Amino acid sequence: MTSAPLTRPDGTPLRVLVVDDEVNIAELVSMAMRYEGWQTQAAHSGLKAVAAAKTFDPDVVVLDVMLPDFDGLEVLRRIRGFNPDVPVVFLTARDAVEDRIAGLTAGGDDYVTKPFSLEELVARVRALMRRSGASRQVEASRLVVGDLVMDEDSHEVFRAGEPVALTATEFELLRYLMRNPKRVLSKAQILDRVWNYDFGGQANVVEIYISYLRKKIDSGREPMIHTVRAVGYVLKPADTALAE
């Protein structure tokens, strides 16, 4: 069984800023972090990393030391100017002891030398987040998005404390949405994950079941399930959801 996901104190996914000028490495690291249920954003230069840190408000930064404009130590110095507490894990091809000391002295919290295993990096980030006070869901089987709560073991669902009765398919669809809060999911992704095969010309089955869920989850309440035209569907906590 996988470990219970670490979250922000409000229950939303942790945010990881991945900074590496090698696009393939940045994407691999981002994918590994997303697999943990965390939200990611990538930047490929020092300037873009500093700008992203201001807008994305990350909970942790995975930061390459060697960047095309200025190095990771300068990126860290600038980020710490407006976010003094954000934890940072340095990535570098350098393995000299003095380079490790320089990174940690500059305020880095951990140091991983390339080549590295994604599993090790994720484990380091997890450990760092736990030390920094990230919340761990009390039960691995419990999903929480805003006032919507799902117990995956008992198959019980509650909205604002009120029980919601769902069919098996509705439950699976809602579980997929709740495991990916604030992430727009396409019809193709939903078909593949919930129905496990291609419905071909019957892709409107997703629309049908989304409408079923809306009647049960959103009826008479602030909507949580939103349509993003020509893209797909997204589940957001009601208090942060934007009007369509």
Side-chain angles (χ1 to χ4, degrees), residues 1-16 31-40 59-60 118-119 122-199 205-226 232-241:
M1 174 181 280
T2 57
S3 301
L6 294 171
T7 67
R8 289 185 147 199
D10 62 0
T12 57
L14 287 177
R15 297 179 186 179
V16 184
M31 285 177 61
M33 300 298 166
R34 288 195 296 269
Y35 186 77
E36 295 296 310
W38 303 333
Q39 189 177 349
T40 67
D59 298 292
V60 62
L118 290 172
E119 292 81 2
V122 168
R124 297 279 192 98
V125 171
R126 274 188 164 275
L128 188 54
M129 287 292 87
R130 284 196 294 269
R131 293 199 301 271
S132 301
S135 302
R136 178 182 290 277
Q137 288 185 333
V138 176
E139 301 172 52
S141 66
R142 194 166 177 259
L143 300 175
V144 180
V145 180
D147 63 355
L148 186 62
V149 179
M150 170 183 283
D151 189 311
E152 294 181 282
D153 288 341
S154 68
H155 276 226
E156 292 178 306
V157 175
F158 299 89
R159 174 86 196 264
E162 296 292 323
V164 179
L166 300 177
T167 66
T169 302
E170 291 166 352
F171 184 88
E172 287 303 318
L173 174 55
L174 183 61
R175 169 155 48 188
Y176 186 40
L177 293 172
M178 290 185 72
R179 283 181 172 177
N180 295 275
K182 298 184 181 180
R183 178 183 172 195
V184 180
L185 302 169
S186 69
K187 290 180 183 178
Q189 287 175 305
I190 294 171
L191 276 173
D192 181 62
R193 187 62 62 92
V194 178
W195 280 269
N196 296 313
Y197 60 91
D198 186 4
F199 259 65
V205 69
V206 175
E207 297 174 22
I208 292 169
Y209 273 88
I210 287 287
S211 71
Y212 292 162
L213 269 188
R214 279 182 165 140
K215 289 175 184 175
K216 295 184 176 183
I217 298 297
D218 289 344
S219 181
R221 305 180 177 97
E222 278 290 316
M224 294 183 68
I225 302 171
H226 294 259
Y233 302 96
V234 60
L235 180 78
K236 303 179 185 179
D239 56 345
T240 62

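We number each residue from 1, following the sequence as shown. No experiment lies behind these values; they were computed from the predicted model shown.
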* Interatomic distance, Leu174 atom CG to Leu213 atom CG [nearest 0.5 angstrom] -> 5.5 Å
* List the atom of Pro181, the atom of Val145, and the distance in Å for their closest heavy-atom pair. => CB-CG2, 4.0 Å
* Structure fact -> Taken to the nearest 0.5 Å, the spacing of Leu185 CG from Asn180 CG works out to 5.0 Å
* Minimum heavy-atom distance between Arg142 and Val149, given as atom pair plus value -> NE-CG1, 3.7 Å
* From CD (Gln189) to OH (Tyr233), nearest 0.5 Å -> 13.0 Å
* Looking at side-chain heavy atoms only, is the closest gap between Trp38 and Val60 below 4.5 Å? -> no
* Structure fact -> When every non-hydrogen atom of Met33 is compared with those of Thr40, the smallest separation belongs to CB-CG2, 3.5 Å
* Going from OG1 on Thr169 to OH on Tyr212, what distance comes out if it is rounded to the nearest 0.5 angstrom? -> 10.0 Å
* To do: For side chain to side chain contact (heavy atoms under 4.5 Å, CB included), just list the numbers for Leu177 and Ile210, CA-CA rounded to whole Å, side-chain angles, deciding distance to a tenth of an Å, and then say yes or no.
  => CA-CA 10 Å; Leu177 293 172; Ile210 287 287; 4.3 Å; yes
* To do: Starting at CG of Leu173, measure out to OH of Tyr209 and round the result to the nearest 0.5 Å.
  => 9.5 Å
* To do: Find out whether Arg126 and Glu36 are in side-chain contact, i.e. whether some heavy atom of one side chain is under 4.5 Å from a heavy atom of the other.
  => yes
* Which pair of heavy atoms, one from Met224 and one from Asp147, lies closest together, and at what distance? -> SD-OD1, 3.8 Å
* Asked: Taking 4.0 angstrom as the limit, do Arg193 and Glu172 come out as a salt bridge?
  -> no
* **Sequence neighbours excluded, every pair satisfying ring-ring contact (aromatic ring centres under 6.0 Å, His included) that has a member inside residues 142-188** => His155-Phe171
* Atom pair CG (Leu235) and CZ (Arg183), whose distance is rounded to the nearest 0.5 Å -> 13.0 Å
* Taking all non-hydrogen atoms of both residues, which atom of Thr167 and which atom of Lys216 are closest, and how far apart? -> N-NZ, 4.2 Å
* **Residue pair Ala32 / Val122: nearest heavy atoms and the distance that separates them** => CB-CG2, 4.0 Å
* To do: Sequence neighbours left out, what passes side-chain contact (heavy atoms from CB on, under 4.5 Å) with Arg179? Give chain and number order.
  => Leu143, Glu152, Arg175
* Asked: Under a 4.5 Å cut-off applied to non-hydrogen side-chain atoms, are Asp218 and Arg159 in contact?
  -> yes
